Amino acid sequence: MKDLEKTVGNIIAKQRIAFMGSIDSEGFPNIKAMLQPRKREGIHTFYFTTNTSSMRVAQFLKNDHSCIYFCDSRFFRGVMLKGNIAVLTDQASKEMIWEEGDTMYYKEGVTDPDYCVLKFIAVSGRYYSNFKSETFAIE
């Protein structure tokens with residue numbers, strides 16, 4: 001791949017849905033569709049919103065291993081990123097990605113105790129396109 005950051009970043013930027021994986025208490029993977037990340041730093045760090053009370057948060061608090069997958073179904077290509085997730089409940093993190101209209105999900109607003117931020121940090125990935133896949137490290 002000529003320009004990893006650009007190629008992978010372009011796929012991510014165009015997707016409205018990200019698929020996030022967690023590990024349950026029996027060691028099995030669980031996958032969930034999430035809205036696109038609210039913020040990202042290149043292809044290394046991603047921030048998502050979710051409910052503190054969710055099953056996924058409970059899983060991440062026990063095992064922070066995760067993956068996110070972005071799929072461009074139009075051209076049948078995609079990218080999976082493996083990494084770790086931190087559950088952030090501090091006010092600065094919550095305010096950083098809060099958007100108008102989020103009260104639809106978090107009735108008490110940005111201070112709602114059921115609102116938290118998932119910070120995903122990628123360590124490696126796998127890109128699929130044109131019937132080939134390629135593994136890459138993220139620095």
Side-chain angles (χ1 to χ4, degrees):
M1 191 173 342
K2 290 180 186 174
D3 187 339
L4 174 69
E5 184 88 21
K6 183 178 179 185
T7 301
V8 170
N10 283 340
I11 289 177
I12 293 168
K14 294 177 183 174
Q15 306 315 308
R16 300 182 71 119
I17 302 287
F19 297 91
M20 182 177 285
S22 59
I23 307 296
D24 70 16
S25 61
E26 296 174 345
F28 288 97
N30 287 215
I31 303 296
K32 176 184 172 72
M34 301 279 289
L35 294 175
Q36 66 190 56
R38 285 287 174 86
K39 178 182 176 182
R40 74 178 172 98
E41 298 162 8
I43 62 170
H44 180 265
T45 306
F46 299 79
Y47 298 87
F48 297 86
T49 64
T50 198
N51 294 89
T52 311
S53 62
S54 71
M55 175 186 77
R56 196 88 36 218
V57 165
Q59 290 174 344
F60 289 137
L61 290 172
K62 290 181 181 170
N63 185 338
D64 70 347
H65 288 60
S66 182
C67 67
I68 51 178
Y69 188 83
F70 298 91
C71 179
D72 179 351
S73 59
R74 183 173 175 213
F75 295 105
F76 201 70
R77 62 185 174 187
V79 63
M80 181 200 56
L81 301 172
K82 292 192 299 186
N84 302 90
I85 284 213
V87 177
L88 308 177
T89 57
D90 64 284
Q91 200 57 38
S93 296
K94 292 167 76 168
E95 288 174 2
M96 174 182 63
I97 64 170
W98 182 263
E99 290 181 0
E100 189 175 322
D102 282 349
T103 52
M104 180 170 97
Y105 306 106
Y106 314 106
K107 302 295 183 207
E108 295 178 37
V110 72
T111 60
D112 193 322
D114 198 35
Y115 164 57
C116 70
V117 175
L118 297 177
K119 179 182 181 181
F120 175 86
I121 298 176
V123 296
S124 66
R126 190 155 178 88
Y127 173 74
Y128 176 84
S129 180
N130 297 319
F131 306 104
K132 292 182 268 188
S133 55
E134 181 178 341
T135 300
F136 55 89
I138 299 176
E139 300 174 21

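Every value quoted in this text rests on a predicted model; they were computed, and no experiment measured them.
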Examine distances only and state if a side-chain atom of [X] and a backbone atom of [Y] form a donor-acceptor pair shorter than 3.5 Å.
X	Y	result
Thr45	Arg40	no
Ser22	Arg56	no
Asn51	Ser53	no
Asp64	Ala86	no
Lys132	Ser129	no
Gln15	Gln36	no

If you take all heavy atoms of [X] and [Y], which pair is closest and at what distance?
X	Y	answer
Thr52	Pro113	OG1-O, 3.0 Å
Gly78	Tyr69	CA-OH, 3.6 Å
Phe70	Ala18	CE2-CB, 3.5 Å
Tyr127	Arg77	OH-CD, 4.1 Å
Phe120	Lys82	CZ-C, 3.6 Å
Ile43	Glu5	N-OE2, 3.2 Å

Do [X] and [Y] have side chains that get closer than 4.5 Å, going by heavy atoms?
X	Y	result
Lys2	Thr7	no
His65	Asn84	yes
His44	Ile121	yes

Between [X] and [Y], is there shared hydrophobic-cluster membership here, with clusters defined by ILVMFWY side-chain heavy atoms closer than 4.5 Å?
X	Y	answer
Phe60	Val117	no
Ile11	Leu4	yes
Leu61	Ile85	yes
Tyr105	Val110	yes

Check the surroundings of atom CG in Asn130: do more than 12 heavy atoms from other residues, nucleotides or ligands lie under 6.0 Å from it?
-> no

Within this structure, what is the [atom1]-[atom2] distance for the pair [X] and [Y], rounded to the nearest 0.5 Å?
X	Y	atom1	atom2	answer
Tyr47	Ile97	OH	CD1	9.0 Å
Tyr115	Thr89	OH	OG1	11.5 Å
Asp72	Asn10	CG	CG	10.5 Å
Arg74	Lys14	CZ	NZ	8.5 Å
Lys39	Glu99	NZ	CD	12.5 Å

Stepwise side chain to side chain contact (heavy atoms under 4.5 Å, CB included) test for Leu81 and Phe136 | CA-CA 9 Å; Leu81 301 172; Phe136 55 89; 3.9 Å; yes

Please lay out, stage by stage, how Lys94 and Leu88 fare under the test side chain to side chain contact (heavy atoms under 4.5 Å, CB included).
-> CA-CA 8 Å; Lys94 292 167 76 168; Leu88 308 177; over 6 Å; no

Using the side chain to side chain contact (heavy atoms under 4.5 Å, CB included) rule, take Met20 and Leu118 through it: C-alpha gap first, then chi angles, then the decisive distance, then the call.
-> CA-CA 11 Å; Met20 182 177 285; Leu118 297 177; 3.8 Å; yes

Parallel, tilted or perpendicular: ring planes of Phe46 versus Phe48, cut at 30 and 60 degrees | parallel

Trp98 and Tyr106 aromatic ring geometry - parallel, tilted or perpendicular at 30°/60° bounds | tilted

Do Asp102 and Arg38 pass the side chain to side chain contact (heavy atoms under 4.5 Å, CB included) test, and can you show the C-alpha distance, the side-chain angles, and the key distance before you say yes or no?
-> CA-CA 12 Å; Asp102 282 349; Arg38 285 287 174 86; 2.7 Å; yes

Please list, one pair per line, the donor and acceptor atoms closer than 3.5 Å that link side chains of residues 26-35 to other protein atoms, with sequence neighbours excluded.
residue: Asn30; atom: OD1; partner: Gln59; partner atom: NE2; Å: 3.2
residue: Asn30; atom: ND2; partner: Asp24; partner atom: OD2; Å: 3.4
residue: Asn30; atom: ND2; partner: Phe28; partner atom: O; Å: 3.2

